Chemist: 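The structure is given below, and queries will be raised subsequently.
If you're wondering where the values come from, they're calculated on a predicted model, not measured in any experiment. Residues take their numbers from the sequence shown, with the count starting at 1.
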Amino acid sequence: MGGLSLWHWLVVIILVMLLFGKGRISDMMGDLGKGLKSFKQGMADEDQKPSPPAEPRQLPREQQPIDITPSAPPPAEPVAPSVPPASGDETPRS
């Protein structure tokens, strides 16, 4: 009950060929090869630096976003502090 011998492998291969046929196996292997090639290309594309984006597109006027951020009121002009007039004749009343 050791490993599979050459005869066991031949029987397995013949059964697989009878079940799937030569054309289906070659199609599956071709699809597998295409998948691996696409995977490698995707990995290579990921390693490359992204190109700088082109100039931003201008949307038509009716599609441009509306700015709804509140604007701050204009700064107020500084006002001089009011100082009460100094009068020398004020005496405390008792």
Chemist: Could you measure the distance from the CG atom of L15 to the CG atom of L19? Nearest 0.5 Å is fine.
Modeler: 6.5 Å

Chemist: According to side chain to side chain contact (heavy atoms under 4.5 Å, CB included), who are the partners of M28, at least two apart in sequence or on a separate chain?
Modeler: I25

Chemist: Is V12 linked to M17 within one hydrophobic cluster, defined over Ile, Leu, Val, Met, Phe, Trp and Tyr using a side-chain heavy-atom separation of less than 4.5 Å?
Modeler: yes

Chemist: Say you draw a straight line from NZ of K40 to CE of M43; how long is it, rounded to the nearest 0.5 Å?
Modeler: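 One finds 11.5 Å between NZ of K40 and CE of M43.
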
